[in-house]
Amino acid sequence: MAESSQPPTERAESLPVDLEACVMRLETAVFKGMAEEVEPYDLTHVEFSLLRACMKRQECTATELARLLPVDASRISRIVNTLVNLGLLRRRRLRSDRRTVMLNLTDEGRDLTIRLHERMQEYYVKLVEGISAEDLRILESATSTILSNYAAIREYTP
């Protein structure tokens with residue numbers, strides 16, 4: 001990260017955009033839209049995100065999901081219980097380490113996740129309508145840089 005000679009408050013005030021407001025509006029558009037798409041299936045957007053993460057990884061642990069999703073570990077546990085009770089997710093203990101519980105989608109969970117993923121892709125296409133592929137690459141690059149900066153801040157903050 002490059003150092004600036006300006007005090008932090010002056011640098012923040014001179015940003016060309018209100019980053020917080022921009023991210024919050026984007027988050028609202030993505031997550032509220034996602035919530036509306038999955039609500040008819042009696043799921044929350046976080047439950048769907050967990051199902052989609054399980055589908056991408058084939059099999060994973062709750063700890064891995066907690067690292068992937070912006071949700072604390074205790075909430076992940078409750079969501080997993082809900083999805084297991086709905087018959088969408090299955091638990092499997094490793095024979096080599098009985099403490100480790102692997103999670104994977106049931107057939108019903110996989111079918112539902114695929115259907116909802118297709119619906120979400122259609123929604124995302126509508127969200128980015130009128131935005132060039134280049135502008136989307138710029139957004140992705142800027143987001144990646146912000147996340148890298150965040151990781152660096154967390155790594156070096158006492």
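Just the heavy atoms: all of them, side chains too, but no hydrogens, waters or symmetry mates, feed the values below.
- N85 contributes a side-chain N or O that, together with a main-chain N or O of N81, makes up a donor-acceptor pair within less than 3.5 Å.
- Ion pairing of R137 with E134 is present here, as a side-chain N (NZ or NE/NH1/NH2) and a carboxylate O approach within less than 4.0 Å.
- Here the rule is side-chain contact (heavy atoms from CB on, under 4.5 Å) with R110, and of T113, I114, T106 only I114 fits it.
- Contact between L65 and A53 at its shortest, heavy atoms only, is CD2-CB, 3.7 Å.
- For the pair Y124 and V30, the minimum side-chain heavy-atom distance is below 4.5 Å.
- Looking at every heavy atom in both residues, H117 comes nearest to R52 through ND1-CD, 3.6 Å.
- Here the closest non-hydrogen pair linking A62 and L103 is N-CD1, 3.8 Å.
- With rounding to the nearest 0.5 angstrom, the CD1 atom of I131 is 7.5 Å from the CG atom of L139.
- Between R90 and L105 the shortest heavy-atom distance is NH1-O, 3.4 Å.
- Transitive grouping of hydrophobic side chains (ILVMFWY, heavy atoms separated by less than 4.5 Å) brings M120 and L26 into a common cluster.
- Within a 6.0 Å sphere centred on CZ of R91, other residues, nucleotides and ligands contribute more than 12 heavy atoms.
- In plain terms, the two heavy atoms of C54 and L89 that are nearest each other are SG-CD1, 3.8 Å.
- Taken from CD1 in I79 to OG in S49, the straight-line distance is 9.0 Å, to the nearest 0.5 Å.
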*So L68 and L50, side chain to side chain contact (heavy atoms under 4.5 Å, CB included) or not? Walk me through it.*
CA-CA 9 Å; L68 290 171; L50 189 144; over 6 Å; no
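- For the residue pair Y123 and M34, the shortest heavy atom distance occurs at CE2-N, 4.3 Å.
- In this structure, the side chains of V80 and S77 stay at 4.5 Å or more apart for every pair of heavy atoms.
- Heavy atoms from other residues, nucleotides or ligands lying under 6.0 Å from CG of D72 number more than 12.
- Expressed to the nearest 0.5 Å, how far OG of S148 lies from CD of E155 amounts to 11.0 Å.
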*Go through the steps for R92 and E59 under the test salt bridge (charged side-chain N to carboxylate O under 4.0 Å, His left out), then give the verdict.*
CA-CA 10 Å; R92 180 181 68 82; E59 194 170 56; 2.8 Å; yes
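- Rounding to the nearest 0.5 angstrom, the gap separating the OG atom in S141 from the CG atom in L136 is 12.5 Å.
- Residue Y41 is grouped with residue L86 when hydrophobic side chains (ILVMFWY) are merged at heavy-atom distances under 4.5 angstrom, including chains of intermediate members.
- Listed for the E47 side chain is a donor-acceptor partner under 3.5 Å among the backbone atoms of T44.
- Considering only heavy atoms from C-beta on, T61 comes within 4.5 Å of M102 through its side chain.
- The line from CD of E64 to CG of L69 is 11.5 Å long, rounded to the nearest 0.5 Å.
- Under the 4.5 Å side-chain criterion, counting only non-hydrogen atoms from C-beta, L51 is in contact with L88.
- Put simply, the side chain of V23 does not reach to within 4.5 Å of the side chain of I146, judged on heavy atoms.
- Contact of the D111 side chain with the R115 side chain is registered, since non-hydrogen atoms from C-beta on lie closer than 4.5 Å.
- Criterion: ILVMFWY side-chain heavy atoms under 4.5 Å apart, direct or through other members. Under it, I138 and L127 are not part of a common hydrophobic cluster.
- Residue Q121 holds its CD atom at 12.0 Å from CG of L116, rounded to the nearest 0.5 Å.
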